[in-house]
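What you see is a predicted model, and the numbers here were worked out from it, not measured in a lab.
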Amino acid sequence: MTSFHCRSAFISDVHLGTPDCKAAYLLDFLRQLRCEKLYLVGDIVDLEALSRRHWWHAEHSAVIAEVLALARRGVEVVYIPGNHDAPMRGLHGQNFGGVRIALDAVHVGADGRRYRVSHGDEFDPEQVGRRWMLQLGEAMHRLICWSNRGLYTLRRRLQLPYLPLSIILKSRIGGALAYIRAYEQRVAADARERGFDGHICGHIHFGHVRELDGVLYLNDGDWVEHCTALVEDHTGAMELIHWSEQATALGRASRELVWPSPAAVRALAPLGTRRHDLGELHRAA
């Protein structure tokens, strides 16, 4: 088996305990991963879903076993609970099998840049908190995930590569994109106020590398819809990668250049084969 080497890796929104979790792809990623630090940025085990319906697959146990194996091999593993595994927030400061539980973290990159790391649910707008809107949004999301799951099963039987239907749909719905953009602005503004170079989060299931007024917004995506992770190389550059039948780089941010990822995220287009668009590629602030 080949190895995937990086300095740090960030994954979130795995939702173990739900049939939508793409555990097989994540397990393959973890088995090839060779890193110094691994951040689990929330919603790893979906305790909320498990409280409503008991569903578990052997591959989900294998994912947990692989994380613990990484910790035993000396990888620093930090688990930052999200809104779907919120009960674990009461365990912050404790260590389980080499996995440290924290409410958030400060990550210092190899190039000296400082990032706040949190799940990101603290940036949900208050006005979206109305119960009927939450219920409607959850119902629509479940429908999209159900459709994505059906397409995933069909394409695997036909031996076709993974296609993130739900991400494609989100990218073409104006209201969804407006919500995502507003969320990104709130996260970046908070990082700027706190004096960080950037913020690393998950939560909204939309991986993205973006610079906003000198601050990096880095969303590591999810393993339900898009199968993405954020990785840092040994120079400090951050890269968003999709991992299914083939690893694909979707966005990159070094000290010198930022390559934003919206078009790549929508189409799973690798950076190396995309036509260079100088309107997207620009020097970091």
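To the nearest 0.5 angstrom, E184 atom CD is 10.5 Å from L218 atom CG. Here M238 contributes atom CE and C6 contributes atom SG; the two are 10.0 Å apart, rounded to the nearest 0.5 Å. Taking CG from L250 and OG1 from T228, the interatomic distance works out to 7.5 Å, rounded to the nearest 0.5 Å. We find the CZ-CG distance between R31 and L70 to be 11.0 Å, quoted to the nearest 0.5 Å. The CD1 atom of I180 lies 13.0 Å from the CD atom of Q185; values are rounded to the nearest 0.5 Å. The CD1 atom of I101 sits 11.0 Å away from atom NE2 of H92, with the distance rounded to the nearest 0.5 Å.
Inter-residue side-chain proximity for H199 and V215 is flagged as unmet; no heavy-atom pair is nearer than 4.5 Å. At a threshold of 4.5 Å between non-hydrogen side-chain atoms, the residues R113 and F196 do not count as touching. By the 4.5 Å heavy-atom criterion applied to side chains, H119 and N83 are counted as neighbours. Counting only heavy atoms from C-beta outward, the side chains of L16 and I64 approach each other to under 4.5 Å. Taking the side chain as every heavy atom from C-beta outward, D111 and T235 never approach each other to under 4.5 Å. At least one side-chain heavy atom of E66 sits less than 4.5 Å from a side-chain heavy atom of L27. No side-chain heavy atom of E59 sits under 4.5 Å from any side-chain heavy atom of V63. Contact of the I80 side chain with the L103 side chain is not registered, since no non-hydrogen atoms from C-beta on lie closer than 4.5 Å.
With hydrogens and angles disregarded, a donor-acceptor distance shorter than 3.5 Å links the side chain of S254 to the backbone of E256. Remark: side-chain polar atoms of H242 are not paired, donor with acceptor, to backbone N or O of A249 under 3.5 angstrom. D43 contributes a side-chain N or O that, together with a main-chain N or O of H84, makes up a donor-acceptor pair within less than 3.5 Å. Judged purely by atom type and a 3.5 angstrom limit, E232 uses its side chain to pair as donor or acceptor with the backbone of A110. Checked by atom type and distance alone, the side chain of D104 never pairs as donor or acceptor with a backbone atom of V117 at under 3.5 Å. E122 contributes a side-chain N or O that, together with a main-chain N or O of G120, makes up a donor-acceptor pair within less than 3.5 Å. Within the 3.5 Å criterion, the main-chain N or O of L212 finds a donor-acceptor partner in the side chain of R192. Side-chain atoms of K37 never come within 3.5 Å of backbone atoms of C35 as a donor-acceptor pair (strictly under, hydrogens ignored). Between the side chain of K22 and the backbone N or O of C227 there is no donor-acceptor pair closer than 3.5 Å.
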| message | Set out, in order, the CA-CA distance, both residues' side-chain angles and the distance that settles ring pair (Phe, Tyr, Trp, His ring centres under 6.0 Å) for Y25 and W243, then state yes or no. | response | CA-CA 7 Å; Y25 290 143; W243 193 282; 9.5 Å; no
| query | Taking it one step at a time, do Y179 and D124 satisfy side-chain contact (heavy atoms from CB on, under 4.5 Å)? | reply | CA-CA 10 Å; Y179 174 86; D124 283 342; 3.2 Å; yes
| Could you go step by step and tell me if F123 and C201 meet the side-chain contact (heavy atoms from CB on, under 4.5 Å) rule? | CA-CA 10 Å; F123 298 107; C201 63; 5.9 Å; no
| task | List the steps, then state whether side-chain contact (heavy atoms from CB on, under 4.5 Å) holds for L40 with V67. | result | CA-CA 10 Å; L40 307 174; V67 169; 4.0 Å; yes
| request: Start with the C-alpha gap between V231 and F4, add the side-chain angles, then the distance that decides, and say whether side-chain contact (heavy atoms from CB on, under 4.5 Å) holds. | output: CA-CA 10 Å; V231 296; F4 180 84; 3.8 Å; yes
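A side-chain N or O of Y39 and one of H107 form a donor-acceptor pair less than 3.5 Å apart. Residues D85 and Y79 bring a donor and an acceptor atom of their side chains to less than 3.5 Å of each other. A donor atom on one side chain and an acceptor atom on the other are not found under 3.5 Å apart for D222 and H15. Side-chain atoms of D13 and W223 include no donor-acceptor pair closer than 3.5 Å. Residues Y183 and R181 bring no donor and acceptor atom of their side chains to less than 3.5 Å of each other. T18 and W55 form no side-chain donor-acceptor contact under 3.5 Å, judged by distance and modelled atom types alone.
Here the shortest heavy-atom pairing between P81 and A102 reads CD-O, 3.2 Å. In terms of heavy atoms, G202 sits closest to S12 at CA-OG, 3.4 Å. The heavy-atom pair separating D197 from G112 by the smallest distance is OD2-O, 4.4 Å. Scanning all heavy atoms of the two residues, the minimum distance from G195 to R114 falls at O-NH1, 3.8 Å. Across L240 and L230, no two heavy atoms sit closer than the pair N-CD1, 4.0 Å. Closest approach of V41 and S118 over heavy atoms only: CG1-O, 3.3 Å.
The pair D121-R186 does not meet the salt-bridge criterion, since no charged nitrogen lies less than 4.0 angstrom from a carboxylate oxygen. In summary, R7 and D233 do not engage in a salt bridge, as defined by a charged side-chain N under 4.0 Å from a carboxylate O. Using a 4.0 Å cut-off between charged nitrogen and carboxylate oxygen, R73 and E36 do not count as a salt-bridge pair. Between D46 and R53, none of the side-chain N atoms (NZ, or NE/NH1/NH2) sits under 4.0 Å from a carboxylate O, so this pair counts as no salt bridge.
Residues F96 and I44 are members of one and the same hydrophobic cluster, defined by side-chain heavy-atom contacts under 4.5 angstrom among Ile, Leu, Val, Met, Phe, Trp and Tyr. Using a 4.5 Å cut-off between side-chain heavy atoms of Ile, Leu, Val, Met, Phe, Trp and Tyr, with links allowed through other members, V75 and V108 fall into different hydrophobic clusters. A single hydrophobic cluster is seen to contain both L68 and W56, as judged by linkage of ILVMFWY side chains at heavy-atom distances under 4.5 Å, directly or through other members.
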